[in-house]
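Keep in mind that this is a model prediction, so the values were computed, not measured. All chains are named by letter (A, B, ...) in the order of the sequence lines, taking the proteins before the strands, and each is independently numbered beginning at 1.
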There are 2 protein chains.
Amino acid sequence: MAKILVVDDDRELRENIAEVLTEAGFEVLKAESGEKALQLLGPAVDLVLLDLVMPGMGGMATLSLLKQHQPRLRVIMLTAFATVENAVEAMRRGADDYMTKPFKVGDLLMTVRKNLEEAKFQECHLALDMDQTFNCLSNPMRREILRCIGREGRIRFMDLARRLQIEDHTKMNFHLKLLREAGLVAQDERKLYTLTAEGRRVIGCMELLAHTLNPKV
Amino acid sequence: MAKILVVDDDRELRENIAEVLTEAGFEVLKAESGEKALQLLGPAVDLVLLDLVMPGMGGMATLSLLKQHQPRLRVIMLTAFATVENAVEAMRRGADDYMTKPFKVGDLLMTVRKNLEEAKFQECHLALDMDQTFNCLSNPMRREILRCIGREGRIRFMDLARRLQIEDHTKMNFHLKLLREAGLVAQDERKLYTLTAEGRRVIGCMELLAHTLNPKV
DNA sequence: GTCATCGGTGAAGAAAACTTCCCGGGAATC
DNA sequence: GATTCCCGGGAAGTTTTCTTCACCGATGAC
């Protein structure tokens, strides 16, 4: 079952929430401050319930640090003093949801479950995308094709083959197809091959990785 | 043969250099300003000879833009007013070499050839590294292993297997071996698995790519 | 000692990825 | 109308990668 970290300086509320969650079958960790929360944060934590107003490091700062350290962590903000500004600020900093105290037990559980579901769904989709993308990039010829299209902007099938000195165009076609299926390359109205927005971003990452592997260059 | 872009506002010098390079068998493009150079810059250009002092956009600014647009492009700065400060600044901005005017024709050709050779060499090494790295990342299990080691910092073989719920440890060993061979994972003195510096950088790129693929997360 | 667990190696088989070959429709050229 | 080049599909064959299985020495517990 999912692991939830409850961060609140109000001992009573913290224990109450923890109890409710434990009864609902979740594994619960407790922290009375942002500092403590960051210490407790392990890879196994799936979701954080974070009080906005706390002595010491406030909830907002904690939120930023949590997200910085583990971008895919789900964080739900809790506060007794809800304002639009705070809510917007929290969401901008990457909070996934926002609840105002006091709340009903049912609402809490619902919100928690909803966010865990969303996380699972996104994780799943992301894994698929990553798979496809990395599989594409794992092949040198496909990387070359991607880069070449990136340089040329838009290019015809045969020109691409000539540019890359691939004698057998059906071979290139095979790889091009995979690139299209991965959503990195597309054809425009005149059948010219171009990069998709995603393709451009991926090339950016590739260049970064190249730079990473060989800092001298 | 290699393609070289000569950028200098002094028409005579520009033509002279171009002629020398052409005679030496290079393909030469000419630009009288930084702006023009950026326009002419195509994927096929291998090396740029760039005057430091030019009206309009100076050589330093041009250098930054060239490198920004095409990080692996070789750029050799030329200047009549050589100072240590300028040289250092240029190298910090990514210039690959630095020549003071006037220079001998032989020196110019030597420097150009040396830099082209270096570029070729690095390109070759980089391609090898990229291959190995991408091949590693193309497999979901290897990505999981990498991430898990990253989270844990240092971890024992069997603990890793349990953490990832891999029942057959020989299977994991297979992938772990590949990660070690790619230089992303290493073993410390107590046989605990840890990330190498390169491994950490690669994880950073992976996270970026994940973010790229799924901006919502 | 005896036994279980840890941390591997190596080889055979299964699965996936890649290459090659053959084909066909459409556009352009003669 | 015939021919040639462009762009691509599909299937068989080949290579690479991945999984599984059998085994082994070391270490530590009992």
Side-chain angles (χ1 to χ4, degrees), chain A residues 127-149 152-196 199 202, chain B residues 127-149 152-196 199 202:
Chain A
L128 276 178
D129 281 359
M130 290 278 276
D131 256 40
Q132 222 175 13
T133 303
F134 274 115
N135 277 334
C136 271
L137 297 182
S138 71
N139 182 288
M141 183 178 291
R142 285 197 290 269
R143 287 202 301 273
E144 282 305 311
I145 292 175
L146 201 62
R147 262 204 290 262
C148 189
I149 296 178
E152 301 293 333
R154 46 184 51 203
I155 188 169
R156 287 197 312 161
F157 183 84
M158 278 305 179
D159 291 342
L160 190 58
R162 274 187 288 269
R163 183 64 58 108
L164 296 173
Q165 303 181 23
I166 301 169
E167 60 300 333
D168 182 1
H169 72 276
T170 68
K171 178 173 162 182
M172 190 181 75
N173 194 40
F174 170 79
H175 293 288
L176 207 43
K177 196 172 166 185
L178 292 182
L179 285 168
R180 260 183 295 161
E181 283 168 6
L184 302 181
V185 165
Q187 281 181 295
D188 69 5
E189 65 286 352
R190 280 178 303 168
K191 295 257 188 184
L192 297 181
Y193 285 92
T194 61
L195 292 185
T196 63
V202 167
Chain B
L128 276 177
D129 281 0
M130 290 276 276
D131 256 42
Q132 219 174 14
T133 304
F134 275 116
N135 276 333
C136 271
L137 297 182
S138 71
N139 182 291
M141 183 179 290
R142 283 196 290 269
R143 288 202 299 275
E144 282 306 311
I145 293 175
L146 201 62
R147 261 204 290 264
C148 188
I149 296 178
E152 302 292 333
R154 47 184 51 204
I155 188 170
R156 286 198 312 161
F157 182 85
M158 277 306 179
D159 291 341
L160 190 57
R162 273 188 288 269
R163 182 65 56 110
L164 296 172
Q165 304 181 25
I166 301 169
E167 61 298 335
D168 181 1
H169 71 278
T170 70
K171 178 173 163 181
M172 190 182 75
N173 195 40
F174 170 79
H175 292 288
L176 207 43
K177 199 171 165 185
L178 292 182
L179 285 168
R180 262 183 293 161
E181 282 167 6
L184 302 180
V185 165
Q187 282 181 294
D188 69 4
E189 65 286 353
R190 279 178 304 169
K191 294 258 188 186
L192 297 181
Y193 285 92
T194 60
L195 293 185
T196 63
V202 167

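- Separating the CE atom of A:Met172 from the P atom of C:dC18 is a distance of 16 Å, rounded to the nearest angstrom.
- Comparing A:Leu178 and B:Arg180 by the nucleotide of DNA chain C that holds the closest heavy atom to each, the one mapping nearer the 5' end is B:Arg180.
- We find that CG of B:Asn139 is positioned 10 Å from P of C:dA17, with the value rounded to whole Å.
- Atom CG of B:Asp159 is separated from atom P of C:dC6 by 8 Å (rounded to the nearest Å).
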Side-chain donor-acceptor pairs of residues 133-145 of chain B under 3.5 Å, sequence neighbours excluded:
unit_1: B:Thr133; atom_1: OG1; unit_2: B:Asp129; atom_2: O; d: 2.8
unit_1: B:Asn135; atom_1: ND2; unit_2: B:Asp131; atom_2: O; d: 3.3
unit_1: B:Ser138; atom_1: OG; unit_2: B:Asn135; atom_2: O; d: 2.8
unit_1: B:Asn139; atom_1: OD1; unit_2: B:Met141; atom_2: N; d: 2.7
unit_1: B:Asn139; atom_1: OD1; unit_2: B:Arg142; atom_2: N; d: 3.1
unit_1: B:Arg142; atom_1: NE; unit_2: B:Cys136; atom_2: O; d: 2.9
unit_1: B:Arg142; atom_1: NH1; unit_2: B:His175; atom_2: ND1; d: 3.0
unit_1: B:Arg142; atom_1: NH2; unit_2: B:Asn135; atom_2: O; d: 2.8
unit_1: B:Arg143; atom_1: NH1; unit_2: B:Leu137; atom_2: O; d: 2.5
unit_1: B:Arg143; atom_1: NH2; unit_2: A:Asp131; atom_2: OD1; d: 2.5
unit_1: B:Glu144; atom_1: OE2; unit_2: B:Arg147; atom_2: NH2; d: 3.0

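- One can place CG of A:Asn135 at 8 Å from P of C:dC18, the figure rounded to the nearest angstrom.
- Under the rule for a side-chain contact (heavy atoms from CB on, under 4.5 Å), the partners of A:Thr170 that lie at least two apart in sequence or sit in another chain are A:Asp168.
- Near-neighbour residues of DNA chain C inside residues 184-194 of chain B, defined by a heavy atom below 4.0 Å, number-ordered: B:Gln187, B:Tyr193.
- Formation of a donor-acceptor pair under 3.5 Å by the A:Thr196 side chain with backbone atoms of A:Ala186 is not found in this model.
- As rounded to whole Å, 14 Å separates atom C1' of C:dC6 from atom CG of B:Asp168.
- Nucleotides of DNA chain D with any atom under 4.0 Å from a heavy atom of chain B span, from 5' to 3', D:dC18 to D:dA22.
- One interatomic measurement links the two molecules: CZ of A:Phe157 to P of C:dG26, which rounds to 18 Å at whole-angstrom precision.
- For the OP1/OP2 pair of C:dT19 and a distance below 4.0 Å, the side-chain nitrogens and oxygens of A:His175 include at least one atom meeting the criterion.
- Rounded to whole Å, atom P of C:dC6 lies 9 Å from atom NE2 of B:His169.
- Applying the side chain to side chain donor-acceptor pair (under 3.5 Å) rule to pairs touching residues 182-192 of chain A yields A:Arg154-A:Asp188, A:Gln187-A:Tyr193, sequence neighbours excluded.
- Rounded to whole Å, atom C1' of C:dG8 lies 17 Å from atom NZ of B:Lys171.
- Atoms OG1 and CD, on B:Thr194 and B:Glu152 in that order, are 13.0 Å from each other to the nearest 0.5 Å.
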Please list each protein N or O that sits under 3.5 Å from an N or O in nucleotides 10-16 of chain C, with the distance.
none

